[in-house]
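As C-alpha cells, the structure follows; a few thoughts come after it.
Keep in mind it's a predicted model, so treat the numbers as computed, not measured. Just follow the structure's listing: the first ligand is 1, and inside any ligand the first atom is 1.
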Amino acid sequence: MRVTIFGTGYVGLVTGTCLAEVGNDVVCVDVDANKIARLERGEVPIYEPGLEPLVRANHASGHLKFTTDAAAAIEHGQIVFIAVGTPPDEDGSADLSHVLTVARTIGRTLSRYTVVVNKSTVPVGTADAVRAAISAELSARSSEVGFDVVSNPEFLKEGDAVQDCLRPDRIVVGAESAHAVDLLKALYAPFNRNHERIVLMDVRSAELTKYAANAMLATKISFMNEIANIAEQVGADVEQVRRGIGSDPRIGYHFIYPGAGYGGSCFPKDVKALEYAARAHAYEPRLLSAVEAVNAAQKRRLFALIQRHFGESLAGRTIALWGLAFKPNTDDMREAPSRTLLEQLWAAGATVRAYDPEAAAETRRLYGARKDLILCDQQYAALEGADALVVVTEWKAFRSPDFERLHALLKERVIFDGRNIFEPKVVEAAGLAYYGIGRGRSVRAAGGVAT
Ligand SMILES: NC(=O)c1ccc[n+]([C@@H]2O[C@H](COP(=O)([O-])OP(=O)(O)OC[C@H]3O[C@@H](n4cnc5c(N)ncnc54)[C@H](O)[C@@H]3O)[C@@H](O)[C@H]2O)c1
Ligand SMILES: O=c1ccn([C@@H]2O[C@H](COP(=O)(O)OP(=O)(O)O[C@H]3O[C@H](CO)[C@@H](O)[C@H](O)[C@H]3O)[C@@H](O)[C@H]2O)c(=O)[nH]1
C-alpha cells in the first residue's frame, strides 16, 4: 500500500519504518528540514533501540522515503497518517495547531479519495475538527473529493517502540466508514496474524481510549508512590508490598514500580489534557488531579531525602547522578524526574556530576555549559570527588555496581536509590548508607524517617 506519514518523531518514524518493513511504500514528511536531511543520510535523530538499522535498510530498498514536500507526500498516499506533536498548552489543554495545520494542508492538496488516519494523541472531537478543516479547504477550491477520517491512537513506549509497533497488543481503530476500516485491516494484517488485535469502535471512543490508557497507567504509578510514602512513614518496605500485591492477577506486576515519579512526553501531558477536557465538560476530575499532584511531589522526593541526610545546606556538596533520561533505553528528557532534581540541587548550591548512557547530548542541549554540571562519559567517573550517588534512571548497567568501588570513591558513602534497584542489605553490608523510595526500615536505620 502507499502510505504517507506526517511527522517523523517517535511515533511517525517508527510507524513509517515498521509499515515499510512489511512491504508498504511509505513517504514520511516533516516540516523540520534538518531532521529530513539527517534521515536521508541514514541518521536517526532519536535513540530508539533497533530503529536505525531498520530505517537504513528500508530507505536503501526504496520502501521508506523522506521529504519536506507535503503536497507530493499527500499525492503519494492512499492512507495519510497524522503523527505530529500535540504538546500541552499553558492551561494544560492539548495544542492541536500542528494537527490542524496538517489537516488544512491535506484539504488544500487532496485530489482523490484518501483515508486520513489520526495517530497523534488528541482530545475527543478532534477527528471532527480535522474533518471540518479538510472540508473547508476542499470547499474553498470547489473540490468534491471524498475522504474519511479515522482515529488510530498509538500505544508504543519509548525504548521499546519498534517491538511495540511490530507486535502491538492492540490496534484501536475508531471509524465510521466500512471502507476505511477495510483498508486499515489490510494495512495492519501483517501485525495481526496470530490473534485478533484490532479493536473497532466509534471515533470519539477511540480518542478517549488513548487518554484512558495513559491515565490508568499514571494512576497505578502514583498509587504505588503513595503507598511507598506511607511505607516510609510506617517502617515497611514497599518492594515487599509490591511483590505481595502484584501476585494478585487482578492487580498484576506491571506499572507498580515506585520511584522518582513518572516523566516523559506522554503521561504528564495526557493526564493534564484529560483533566482539562473533563473540566471543559463541567466534570471535576478529582482522581486525575490527585494522580498529578502525587507525581509532582514524588519528583521532589529524592531531593528531600538528600537534604535531610546532609542537613539544610548543600552548598559546596558534589552529588553524582546515574541516569538523566526519563526512563532507560531512550535519550528523551521531556518531563524527566532528573530535571526536577538537577534544578533543586543547583538551587541549593550543589554541583552535579552526571552519567547517562544516552542522554548526555540532550542534557547539554537543555542546560548548556554551566560549572555546576559535569557530564561524565563513564558511570564511575561521575563518582570522583562526589559526596553521594543518586540513581535516577534504572539503566541495566547500574543494577550490579561494584559496591567496593563506590565505597572507595564516595566521600560520604551514601546512596539514594530513586528506582529501588538495589537491595538495602547488600549496600549496607558494603559500608554504604542506603535510602530508597518507600523502604522505611533502611530509612530509619540511616537516620530518620523522611517527610
Ligand atoms: N512519544 C511517544 O512515545 C508517543 C507514543 C504514543 C503516542 N504519542 C503521541 O503521538 C504524537 C507524536 O508524538 P511524538 O513523540 O512522535 O512527537 P515528536 O515531537 O517526537 O515528533 C513530532 C514531529 O512532527 C513534526 N511536525 C510538526 N508539525 C508538522 C507538520 N505540519 N507537518 C509535518 N511534520 C510536522 C515535528 O517537526 C516533529 O518532527 C503526540 O500526539 C504524542 O502524544 C507519542
Ligand atoms: O512501574 C512504573 C512504570 C513506569 N514508570 C515511569 O513512568 C514513565 C513512563 O514510562 P513508560 O510508560 O514506560 O514510557 P512512555 O514511553 O512514556 O510510554 C507511555 O506513554 C506512551 C505515549 O502516550 C504510550 O504510548 C505508552 O503506552 C505508555 O506506556 C517513566 O518515567 C517511568 O520511569 C514508573 O515510575 N513506574
Q | Leu156 and ligand 1 - part of the residue with a heavy-atom distance under 4.0 Å | A | both
Distance dump, ligand 2 polar atoms to protein, N/O, under 3.5 Å:
residue, atom, partner, partner atom, Å
ligand 2, 1 (O), Ile256, N, 3.3
ligand 2, 1 (O), Tyr257, N, 2.9
ligand 2, 13 (O), Lys327, NZ, 2.9
ligand 2, 14 (O), Lys327, NZ, 3.1
ligand 2, 16 (O), Glu158, N, 2.8
ligand 2, 23 (O), Lys210, NZ, 2.8
ligand 2, 23 (O), Asn214, ND2, 2.8
ligand 2, 25 (O), Phe155, O, 3.2
ligand 2, 25 (O), Leu156, N, 3.4
ligand 2, 25 (O), Leu156, O, 2.6
ligand 2, 25 (O), Lys210, NZ, 2.9
ligand 2, 27 (O), Phe155, O, 2.8
ligand 2, 31 (O), Gly263, N, 2.9
ligand 2, 31 (O), Phe326, O, 3.1
ligand 2, 33 (O), Arg419, NH1, 3.4
ligand 2, 35 (O), Arg419, NH1, 3.4
ligand 2, 36 (N), Tyr257, O, 2.9

**Q.** Atoms of ligand 1 close to Phe6 [distance to a heavy atom under 4.0 angstrom, numbered from 1]
**A.** 32 (N), 33 (C)
Q | Check: Tyr434/Asp417 side-chain N/O donor and acceptor closer than 3.5 Å | A | yes
Q. For Asn58 and His63, does a side-chain donor sit closer than 3.5 Å to a side-chain acceptor?
A. no
Q | Residue Val29 vicinity, atoms of ligand 1 by number, heavy atom under 4.0 Å | A | 33 (C), 34 (N)
(Q) Counting non-hydrogen protein atoms only, what is the nearest one to atom 1 (N) of ligand 1? Give residue, atom name and distance. (A) Glu158 OE2, 3.0 Å
**Q.** Side chain to side chain, Ile171 and Val173, heavy atoms closer than 4.5 Å
**A.** yes
Q) Which of the atoms of ligand 1 are close to Ala83, meaning less than 4.0 Å from one of its heavy atoms? A) 12 (C)
Q: State which residues pass side chain to side chain contact (heavy atoms under 4.5 Å, CB included) with Val31; sequence neighbours excluded, sorted by chain then number.
A: none
Q: Report the part of Ser265 (side chain from C-beta onward, or backbone N, CA, C, O) that has a heavy atom under 4.0 Å from ligand 1; answer both or neither where that applies.
A: side chain
Q: Compare all side-chain heavy atoms of Ser120 with those of Glu154 and state whether any distance is below 4.5 angstrom.
A: no
Q | For ligand 1, the portion of Lys269 having any non-hydrogen atom under 4.0 Å away | A | side chain
Q. Is ligand 1 under 4.0 Å from a heavy atom in the side chain of Cys266, in the backbone, in both, or in neither?
A. side chain
Q: Answer with yes or no after comparing the ring centroid distance for His98 and Phe6 against a 6.0 Å cut-off, counting only values under it.
A: no
Q: Using a strict 4.0 Å cut-off to heavy atoms of Lys35, name the atoms of ligand 1 that fall inside it.
A: 38 (C), 39 (O)
Q: Could you tell me the separation between the CG atom of Asp237 and the CG atom of Asn420, rounded to the nearest 0.5 Å?
A: 7.5 Å
Q) Which heavy atom of the protein is the closest neighbour of atom 14 (P) of ligand 1, given with residue, atom name and distance? A) Tyr10 N, 4.0 Å
Q) Do any N/O atoms on Thr101 end up under 3.5 angstrom from N/O atoms on ligand 1? A) no
**Q.** Nearest-0.5 Å distance that lies between atom CD1 in Ile106 and atom CZ in Arg108
**A.** 10.5 Å
Q | Identity and distance of the protein heavy atom lying nearest atom 23 (C) of ligand 1 | A | Asp30 OD2, 3.7 Å
Q: Among all protein heavy atoms, pick out the one at the shortest distance from atom 31 (N) of ligand 1; state its residue, atom name and that distance to 0.1 Å.
A: Val102 CG2, 3.6 Å
**Q.** Between Ser222 and Asn225: side-chain donor-acceptor atoms closer than 3.5 Å
**A.** no
Q. Does one side chain, of Tyr276 or Asp89, offer a donor that lies under 3.5 Å from an acceptor on the other?
A. no
Q: Starting from atom 21 (O) of ligand 1, locate the nearest protein heavy atom and write down its residue, its atom name and how far away it is, to 0.1 Å.
A: Gly9 CA, 3.2 Å
Q: Give yes if a backbone or side-chain nitrogen or oxygen of Asp270 is under 3.5 Å from a nitrogen or oxygen of ligand 1, and no if not.
A: no
Q.
Working to the nearest 0.5 angstrom, can you tell me the gap between Thr15 OG1 and Leu156 CG?
A. 6.0 Å
Q) How long is the gap from CD on Glu40 to NZ on Lys65, to the nearest 0.5 Å? A) 10.0 Å
Q) What about the rings of Phe398 and Trp322, do their centers lie closer together than 6.0 Å? A) yes
Q | Aromatic contact, Trp346 with Tyr367 (centres under 6.0 Å) | A | yes
Q.
When you measure from the centre of the six-membered ring of Phe155, is the NZ or CZ of Arg170 closer than 6.0 Å and no more than 45° off the axis?
A. yes
Q: Determine, stepwise, if the pair Arg365 / Glu362 fulfils salt bridge (charged side-chain N to carboxylate O under 4.0 Å, His left out).
A: CA-CA 5 Å; Arg365 190 187 70 78; Glu362 182 60 4; 2.8 Å; yes
Q | Heavy atom of the protein closest to atom 41 (O) of ligand 1 (residue, atom name, distance) | A | Thr86 OG1, 2.5 Å
Q: Check whether more than 12 heavy atoms from other residues, nucleotides or ligands sit under 6.0 Å from atom CZ of Arg300, and answer yes or no.
A: no
Q: Select the closest option to atom 6 (C) of ligand 1 among Glu154, Glu48, Lys157, judged by heavy-atom distance.
A: Glu154
(Q) With rounding to the nearest 0.5 angstrom, report the SG to OH distance, Cys266 to Tyr10. (A) 10.5 Å
Q) Taking N or O atoms only and a 3.5 Å limit, does Lys210 qualify as a polar contact for ligand 1? A) no
Q: May I ask you to identify the nearest protein heavy atom to atom 44 (C) of ligand 1, giving residue, atom name and distance to one decimal place in Å?
A: Val11 CG2, 3.3 Å
(Q) Going by the closest heavy atom to atom 7 (C) of ligand 1, which one wins out of Val31, Asp32, Ile82, Thr121? (A) Thr121
Q) Among all protein non-hydrogen atoms, which one is nearest to atom 12 (C) of ligand 1, and what is the separation to 0.1 Å? A) Val84 O, 3.4 Å
**Q.** Ligand-side contact atoms (ligand 1) for residue partner Gly7, heavy atom cut-off under 4.0 Å
**A.** 23 (C), 24 (O), 25 (C), 33 (C), 34 (N)
**Q.** Numbering as shown, the atoms of ligand 1 that approach Gly85 to under 4.0 Å (heavy-atom distance)
**A.** 22 (C)
Q) Heavy atom of Arg334 under 4.0 Å from ligand 1? A) yes
